[in-house]
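In what follows, chains carry the letters A, B, and so on, assigned in the order in which the sequence lines appear, proteins first and then strands, with residues in each chain numbered from 1. For the numbers below, each heavy atom of this structure counts, side chains included, while hydrogens, waters and symmetry mates do not.
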Protein chains: 2
Amino acid sequence: MTSTLGFAILAVLARGERTGYDIAASMRRPVSYFWTAGHSQIHAELQKLLAAELVTYEKEAGPGPQDKKIYRLTGDGTAALRAWITEPPRERPERDELVLKTYAAGLADPAALRRLFADQLARHEARLVEYAREEEAIGGPPAFGDPRWGNYAALRCGLGYERHRAEWCRWMLDQLNASL
Amino acid sequence: MTSTLGFAILAVLARGERTGYDIAASMRRPVSYFWTAGHSQIHAELQKLLAAELVTYEKEAGPGPQDKKIYRLTGDGTAALRAWITEPPRERPERDELVLKTYAAGLADPAALRRLFADQLARHEARLVEYAREEEAIGGPPAFGDPRWGNYAALRCGLGYERHRAEWCRWMLDQLNASL
DNA sequence: CACGCCATGTAAGGAGTTACATGATTGC
DNA sequence: GCAATCATGTAACTCCTTACATGGCGTG
């Protein structure tokens with residue numbers, strides 16, 4: 001009954017023990033571009049994982065009024081994560097606001113559309129530069145056993161996505177320019 | 001205050017009058033791969049759009065116990081849709097279960113991972129064939145004024161996306177094979 | 001002295017899914 | 001007779017976002 005968010009947390013904890021705050025930090029853009037959650041959602045989910053005995057924690061004196069809690073996977077938690085990884089992902093429906101706008105674009109002002117897509121293209125190109133820098137920092141695919149292998153493979157997917165998007169934006173701009 | 005779903009409905013109605021049922025049908029996969037919603041969500045949203053006077057309807061005798069309602073855009077509705085199209089889309093956080101699994105893949109059985117990605121690849125290739133057929137049916141980009149232009153441009157995005165995903169799956173399979 | 005970082009949580013509301021509920025017509 | 005299509009809607013639930021609430025420590 002664990003939600004995908006729950007497994008996302010388990011996946012982060014598989015890399016080492018963390019506080020809820022640390023987990024929230026590592027799930028904030030642009031550090032990880034494949035799952036995001038706010039801290040309030042994470043604290044709530046950690047309580048469910050705790051009840052299911054997939055994680056435990058140790059208290060430490062915290063900076064605020066409450067104690068700091070350092071979470072770590074249990075044996076059950078590791079097993080549940082391992083089993084989940086190779087199960088087929090449940091497909092979430094595609095929801096893409098930009099493509100929806102495109103679908104209705106015939107009604108809009110072509111000049112304004114050009115501004116919209118030029119702006120989107122710039123964003124994708126900026127992310128592409130950023131990801132390429134990260135790829136260079138890792139310097140080629142690590143070995144499969146290495147935990148950085150997961151980071152690299154995810155980064156690869158991000159690079160491919162941004163490239164595809166940038167290309168589509170360029171095609172759209174060509175189309176809009178040709179229609180004038 | 002209209003939600004993206006509201007605009008999705010307005011975008012469908014911009015192509016012609018529809019019942020709630022028709023809208024739900026046109027927003028069901030794989031016909032439109034950029035926004036989806038169930039009929040219960042659509043009926044509820046139509047009531048909000050009605051209250052905001054962005055749509056109107058005419059009653060007709062229906063097949064069930066209730067009357068059939070044929071919805072159509074009002075002047076305000078068309079204006080709201082037109083203005084929305086060229087506004088920058090609010091970015092939704094990326095949530096990709098397969099990439100999340102990849103991030104944690106180091107813990108899993110490589111053979112099971114290979115099955116997972118082979119299966120995903122097959123799905124993307126099947127969609128690619130399907131979309132290519134649809135592209136051929138339209139036969140090149142229609143003129144910008146043509147309402148089918150929006151369909152074609154969205155289809156183009158879908159094609160690029162499936163191609164990128166398929167390529168990434170192939171790269172993953174290569175990696176997994178190399179690690180054995 | 002204000003702001004950002006660290007660190008925990010609750011509460012309210014919107015968005016989306018799934019199941020329940022009704023009922024005529026058409027095709028296997 | 002059973003299932004699918006057409007056609008409407010409500011109810012319960014989960015997931016996610018945003019705002020509220022507390023408070024010490026370090027930096028400019």
Side-chain angles (χ1 to χ4, degrees), chain A residues 1-9 12 17-29 31-32 34-52 55 57-71 89-97 100, chain B residues 1-9 12 17-29 31-32 34-52 55 57-71 89-97 100:
Chain A
M1 295 298 94
T2 307
S3 66
T4 307
L5 172 62
F7 287 111
I9 292 173
V12 171
E17 48 179 40
R18 304 273 144 93
T19 64
Y21 183 88
D22 291 334
I23 297 168
S26 75
M27 284 170 73
R28 196 159 49 210
R29 298 211 76 192
V31 181
S32 82
F34 45 88
W35 207 271
T36 25
H39 78 274
S40 66
Q41 218 188 334
I42 286 165
H43 285 299
E45 189 68 32
L46 278 168
Q47 284 170 24
K48 286 186 207 167
L49 294 174
L50 212 56
V55 300
Y57 67 88
E58 265 168 45
K59 281 183 192 172
E60 246 183 49
Q66 266 127 313
D67 278 341
K68 177 160 127 176
K69 296 176 180 175
I70 300 162
Y71 290 90
R90 45 165 237 175
E91 33 192 325
R92 347 189 99 215
E94 298 283 343
R95 284 205 182 86
D96 193 317
E97 205 175 306
L100 181 58
Chain B
M1 297 301 95
T2 307
S3 68
T4 306
L5 172 62
F7 286 111
I9 293 173
V12 172
E17 49 180 39
R18 303 273 143 92
T19 64
Y21 183 88
D22 291 334
I23 297 167
S26 74
M27 283 169 72
R28 196 159 50 210
R29 298 209 77 194
V31 183
S32 82
F34 45 88
W35 208 272
T36 26
H39 78 274
S40 66
Q41 217 188 335
I42 286 166
H43 284 300
E45 188 69 33
L46 278 169
Q47 283 170 25
K48 286 186 206 166
L49 293 173
L50 212 57
V55 299
Y57 67 88
E58 264 168 46
K59 281 185 193 173
E60 246 182 49
Q66 266 127 314
D67 278 342
K68 177 159 127 176
K69 296 175 180 175
I70 298 161
Y71 290 89
R90 44 167 237 176
E91 34 192 320
R92 349 189 98 216
E94 297 284 343
R95 284 203 182 88
D96 194 316
E97 206 175 306
L100 180 58

May I have the distance from [X] (atom [atom1]) to [N] (atom [atom2]), rounded to whole angstrom?
X	N	atom1	atom2	result
Leu50(A)	dT8(C)	CG	C1'	14 Å
Met27(A)	dC15(D)	CE	P	13 Å
Gln47(A)	dA11(C)	CD	P	12 Å
Asp67(A)	dG24(D)	CG	P	15 Å
Leu46(B)	dA7(D)	CG	P	14 Å
Glu45(A)	dT8(C)	CD	P	16 Å
Lys69(B)	dG9(D)	NZ	C1'	9 Å
Ile70(B)	dC6(D)	CD1	C1'	13 Å

Ile9(A) and its side-chain contact (heavy atoms from CB on, under 4.5 Å) partner, picked from Ile42(A), Val55(A), Thr2(A): Ile42(A)
Looking at side-chain heavy atoms only, is the closest gap between [X] and [Y] below 4.5 Å?
X	Y	value
Tyr71(A)	Leu50(A)	yes
Tyr21(B)	His39(B)	no
Trp35(B)	Leu5(B)	yes

For the residue pair [X] and [Y], what are the closest heavy atoms and their distance?
X	Y	answer
Glu45(A)	Ser3(A)	OE2-OG, 3.3 Å
Leu46(A)	Gly20(A)	CD1-CA, 3.9 Å
Met27(B)	Ala8(B)	CE-CB, 4.0 Å

Side chain Arg92(A), main chain Asp96(B), donor-acceptor under 3.5 Å: no
Test item: Arg95(B) side-chain N/O and Thr36(A) main-chain N/O as donor-acceptor pair under 3.5 Å: yes
Which nucleotide in the list [options] gets nearest to the side chain of [X]?
X	options	answer
His43(A)	dT17(C), dT10(C), dT8(C)	dT8(C)
Tyr71(B)	dG9(D), dC16(D), dG16(C)	dG9(D)
Asp22(B)	dA7(D), dG9(D), dT8(C)	dA7(D)
Tyr21(B)	dA7(D), dT10(C), dC16(D)	dA7(D)

Under 4.0 Å: is that the gap between some side-chain N or O of [X] and OP1 or OP2 of [N]?
X	N	answer
Lys59(A)	dT8(C)	no
Arg95(B)	dT17(D)	yes
Gln41(B)	dT17(C)	yes
Gln66(A)	dG9(C)	no

Position toward the 5' end of DNA chain D (nearest nucleotide), Pro93(B) or Ser40(B): Ser40(B)
Of Lys68(B) and Thr4(A), the one whose closest DNA chain D nucleotide lies more 5': Lys68(B)
So for [X] and [N], does any side-chain atom that can act as donor or acceptor lie under 3.5 Å from a complementary atom in the base?
X	N	answer
Thr19(B)	dT8(D)	no
Ser3(A)	dT14(D)	no
His39(A)	dT8(C)	yes

Base, sugar-phosphate or nothing for [X]? Non-hydrogen atoms, less than 4.0 Å.
X	value
Arg92(A)	sugar-phosphate
Lys48(A)	sugar-phosphate
Arg90(A)	nothing

Degree of bending in the helix from dC1(C)-dG28(D) to dC28(C)-dG1(D) once both end axes are built from five pairs, to 10°: 30°
